[in-house]
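Any value given below was found using the heavy atoms of this structure, including those in side chains, with hydrogens, waters and symmetry copies removed.
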Amino acid sequence: MAGRPNTEHVAPMRAALFATCLADRFFAEACADAVHLLRHLGVDVLVPTGQTCCGQPAYNAGHRPEAARMARHTVRTLADAEHVVVPSGSCAAMIRRFLPDLLEGSEREAALALAGRTHELSAFIVAVLGVERLGRGLEGRRLAYHHGCHALRELGIRREPITLLRASGAEVVPWPDAEDCCGFGGLFAVKMPVLSTAIADSKLAGLPADVDDVVSGEVGCLLHLSGRARHHGASGLRFEHLATTLREAAGA
Amino acid sequence: MRRPDGYYEAARRTIERHPATGAAVAAATRAFDVRRARAYAAIDVEAWRRWAEGVKDHVLTGLDSHLEEAEARLTERGVTVHWASTAAEARTELAGIVERHGLARCVKGKSMLSEELGVEGALASCGVSVRETDLGEYIIQLLDEPPSHIVGPAIHRTLDDCRELFRRELGTPADASPELLAAAARGALREDFLAADLGLTGANFLVAETGSIVLIENEGNIRLATSLPRVHVALVGIEKLLPRFADVAAFVQLTARAATGQPIGTYVSLLHGPRGPHEPDGPEHVHVILVDNGRTRLLAEPEAWKALRCLRCGACLNVCPVYRTTGGHPYGWAYSGPIGAVLAPGLLGVEAAHPLPYASTLCGACADVCPVRIPLPELLVHWRERSVAAGLGPPGERLAMRAYATAAERPSLFAAAARLVPAALRSPVARWLPALRRWVAGRAAPAPSRASFRDLWRRGTD
């Protein structure tokens with residue numbers, strides 16, 4: 001069957017879902033969608049209950065000691081996971097690129113090992129599971145995809161989400177500003193709000209005119225863009241998390 | 001006096017009251033970036049960038065010996081070399097040169113260092129009249145505004161602004177074409193070139209091996225400013241060194257591609273001292289003022305010293321979503337955009353530069369295009385760490401961060417706090433939290449999921 005890994009003679013792959021602090025609270029259904037999708041692909045999903053926050057908000061704002069504390073906790077929480085799947089490019093990038101340098105000695109070694117086993121959701125599906133065709137569940141859907149900056153530039157994830165969406169029947173409408181920053185920037189959104197929303201306006205202004213569906217793998221970006229769109233009264237625009245869209249693609 | 005500490009208010013004013021500025025800047029920067037991308041795509045740009053990064057790191061990590069070599073070569077060619085530790089010293093040296101040669105009329109090539117040092121005021125108080133000869137600098141000189149961009153000083157202005165300005169100052173028709181406007185400026189500037197006794201420029205590069213002063217331009221004003229007046233003064237930041245003459249060709253091309261998408265500048269001048277006995281033109285005297293002004297202090301800063309690789313191409317400004325929204329004026333000093341935000345704390349000090357390192361979403365677009373691979377987002381985070389350590393920023397933020405980290409180390413506490421979020425967001429008291437107030441001022445409040453994912457998982461209801 002197209003899109004299913006051959007699990008006949010091999011024990012099911014086990015992966016821990018790192019939900020992320022923002023998705024846990026604001027996109028819980030998308031996290032659940034990620035679990036269903038991964039199970040559908042033959043992955044045995046665990047959710048280590050000690051998980052909280054990877055420390056990115058603190059790190060990006062220059063609060064290194066607090067970031068290190070959260071890094072330590074995250075490394076310990078995920079120590080036993082064979083693979084870690086993250087429905088967020090920015091949090092996956094934090095774990096893969098920045099956690100090790102926050103720690104020392106054996107903790108740093110553990111963080112380096114964790115970094116190698118941690119993947120953003122679409123990258124996990126394509127690069128680790130080797131799946132590009134999830135199903136045909138997105139036939140007839142026209143959508144625009146917003147790439148998160150961290151997924152794009154720190155993890156080099158550009159092709160994977162688009163491939164998964166198109167192979168499942170979606171029309172991913174060309175959006176010249178798709179790779180532009182949306183202006184969220186974590187704490188920047190509330191430290192310099194007028195700049196943040198001005199950038200969102202620029203991003204939204206460039207959306208192809210006949211597209212109502214915006215999909216992204218980043219919760220912060222989705223909250224920020226949808227919040228700004230609704231502030232402008234653009235209630236017809238839908239903002240959906242990639243995990244939800246891909247679950248629909250797979251019919252899981 | 002402009003300062004970085006007014007950044008956010010100035011940015012806000014520009015966004016809320018001068019939308020035309022943002023529109024002009026956005027159009028210009030996008031155009032620059034499209035050309036840069038095309039010029040990068042035409043070469044093996046990754047190889048060029050890595051090579052340039054290596055050469056710059058080599059010279060920066062051996063700067064003292066390269067500077068001594070440069071001084072020796074310059075002196076052999078009859079150039080007088082001056083050393084200035086601070087902006088004040090640079091201005092003093094310049095005043096000394098003016099007095100020594102009895103100078104009165106200056107034509108100036110575009111030099112961001114001259115902005116940084118504030119030389120215009122110093123020259124005025126020496127009784128020297130200064131004419132900016134780069135067209136963009138000429139425009140903002142007439143408008144009495146600071147430059148808004150490292151390469152295109154007047155990009156915050158529209159064509160109509162220029163038409164109105166030139167109509168007033170030069171008598172051109174109200175609907176003059178860009179070509180007519182440029183021709184009018186050229187005609188006016190000719191007079192200034194012919195009458196000047198001092199040509200003041202910066203330098204794109206100074207070659208240690210040969211003492212060559214390298215200048216890249218598109219208009220020919222630098223060629224004239226360094227040939228006609230009897231004295232040429234070049235202001236050179238000590239980080240502008242290249243080790244060998246053989247490095248010049250690639251750096252000139254890389255800079256031009258990054259800045260404007262040209263394979264090379266229209267004019268490239270390689271200057272080697274004053275007019276020789278058999279040469280028909282050139283200055284009688286050439287002075288180089290080597291300027292530190294905080295550069296050696298920045299050189300000692302771990303990681304952040306890499307900002308000194310900068311070629312002043314402006315590519316990072318052109319892709320920065322934050323810069324693009326307002327242009328350079330809100331940054332409050334000579335260098336704006338991502339490079340401005342990482343040079344300011346190094347050259348001005350962390351306190352004076354605040355909050356520029358925070359004027360960024362850390363999107364990383366700048367690092368992707370930098371011709372010398374300065375890791376700008378990492379440098380921004382570095383300066384944010386130094387800012388927090390220096391006690392800058394709102395005191396509430398540090399407390400909130402500590403509390404957040406404390407909760408994040410205790411999963412059941414974190415989960416309990418997460419359960420309070422929906423009620424908190426609805427409560428009128430919570431709206432007084434600065435973060436929430438600032439969010440809802442311009443965006444609908446985020447809607448929490450009815451149950452958090454950890455609760456869904458715990459209950460097994462997925």
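Looking at A:K191 and B:E397, a side-chain N of the basic residue comes within less than 4.0 Å of a carboxylate O on the acidic one, giving a salt bridge.
Of the two parts of A:F188, only the side chain, counted from C-beta on, holds a non-hydrogen atom closer than 4.5 Å to a non-hydrogen atom of chain B. For B:A26, no part lies near chain A; criterion is any non-hydrogen pair under 4.5 Å. With a 4.5 Å cut-off on non-hydrogen atoms, B:A389 does not touch chain A at all. In this structure, chain B has a heavy atom under 4.5 Å from the side chain of A:M70, while its backbone stays farther away. Using a 4.5 Å cut-off between heavy atoms, B:A447 contacts chain A through its backbone alone, with no side-chain atom that close. Both the backbone and the side chain of B:P355 come within contact range of chain A, with heavy atoms under 4.5 Å apart. Neither the backbone nor the side chain of A:L222 comes within less than 4.5 Å of any heavy atom of chain B. Proximity to chain B (any heavy atom under 4.5 Å) is shown, for A:D101, by neither the backbone nor the side chain. Proximity to chain A is limited to the side chain of B:I15, based on heavy atoms less than 4.5 angstrom apart. Contacts of A:H232 with chain B are absent, with no heavy-atom separation under 4.5 Å from either backbone or side chain. With a 4.5 Å cut-off on non-hydrogen atoms, B:A11 touches chain A through its side chain but not through its backbone. Contacts of B:L425 with chain A are made by side-chain atoms alone, with heavy-atom separations under 4.5 Å and no backbone atom involved. No part of A:T74 comes within reach of chain B, as not one of its non-hydrogen atoms sits under 4.5 angstrom from that chain.
When each of B:A435, B:A441, B:P357, B:A415 is checked for heavy-atom pairs under 4.5 Å with chain A, B:A435 comes out on top. For the set A:C31, A:C21, A:C182, A:A19, the entry with the most heavy-atom pairs within less than 4.5 Å of chain B is A:C31. When B:R454, B:E378, B:R12 are compared by the number of non-hydrogen pairs under 4.5 Å with chain A, B:R454 comes out ahead. Taking chain B as the reference chain and counting heavy-atom pairs below 4.5 Å, the highest number among A:L22, A:T197, A:N60, A:L17 is found for A:N60. Taking B:C320, B:P422, B:G393 one by one and counting their heavy-atom pairs under 4.5 Å with chain A, the maximum is reached by B:P422. When the candidates B:A405, B:S449, B:A444 are compared by the number of heavy-atom contacts under 4.5 Å with chain A, B:S449 comes out ahead. The greatest number of non-hydrogen atom pairs below 4.5 Å with chain A, out of B:Y7, B:Y8, B:W383, B:W439, is found for B:Y8. Among the candidates A:L225, A:T52, A:L152, the residue making the largest number of heavy-atom pairs closer than 4.5 Å to chain B is A:T52. Considering only heavy-atom pairs separated by less than 4.5 Å from chain A, the leading option among B:T406, B:T14, B:V440, B:V319 is B:T406.
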inquiry  = For A:L46 and B:W457: C-alpha separation, side-chain torsions, deciding distance, then whether side chain to side chain contact (heavy atoms under 4.5 Å, CB included) applies.
reply    = CA-CA 10 Å; A:L46 311 146; B:W457 179 262; 5.6 Å; no

task = Could you check B:R30 against A:D180 for salt bridge (Lys or Arg N to Asp or Glu O under 4.0 Å), going step by step and ending with a plain yes or no?
result = CA-CA 12 Å; B:R30 282 185 196 273; A:D180 285 5; 3.6 Å; yes

query = Going through the checks in order, is the side chain to side chain contact (heavy atoms under 4.5 Å, CB included) test met by B:V381 and A:Y59?
reply = CA-CA 8 Å; B:V381 170; A:Y59 179 71; 3.9 Å; yes

task = Please step through side chain to side chain contact (heavy atoms under 4.5 Å, CB included) for the pair B:F453 and A:E29, ending with a clear verdict.
result = CA-CA 7 Å; B:F453 174 70; A:E29 298 81 9; over 6 Å; no

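Of the possible polar contacts, none joining the B:R443 side chain to the A:R228 backbone as a donor-acceptor pair under 3.5 Å is found. Judged purely by atom type and a 3.5 angstrom limit, A:R25 has no side-chain atom pairing as donor or acceptor with the backbone of B:V421. Proximity of a side-chain donor or acceptor of B:Y404 to a complementary backbone N or O of A:A58 within less than 3.5 Å is not detected. When atom types are taken as modelled, the side chain of A:R153 and the backbone of B:C363 share a donor-acceptor pair closer than 3.5 angstrom. In this structure a side-chain-to-backbone donor-acceptor pair under 3.5 Å is present from B:Y358 to A:A61. A distance-only check finds no donor-acceptor pair linking the side chain of A:R64 to the backbone of B:E385 [under 3.5 Å].
In summary, the side chains of A:H63 and B:R398 do not present any donor paired with an acceptor at a separation below 3.5 Å, with no hydrogens or angles considered.
Here the side chains of B:L362 and A:E154 are not in contact, with every heavy-atom distance at 4.5 Å or above. The shortest distance between side-chain heavy atoms of B:P446 and A:H224 does not fall below 4.5 Å. Looking at heavy atoms from C-beta onward, B:P448 lies out of side-chain contact with A:F27 at the 4.5 angstrom threshold. B:R458 is not listed as a side-chain neighbour of A:T49, based on a closest heavy-atom distance of 4.5 Å or more.
Taking all atoms of both residues into account, the shortest heavy-atom contact from A:A28 to B:S452 is CB-C, 3.7 Å.
No more than 12 heavy atoms of other residues, nucleotides or ligands sit less than 6.0 Å from atom CZ of A:R14.
Using a 4.5 Å cut-off between non-hydrogen atoms, the part of residues 325-333 of chain B that approaches chain A consists of B:T325, B:T326.
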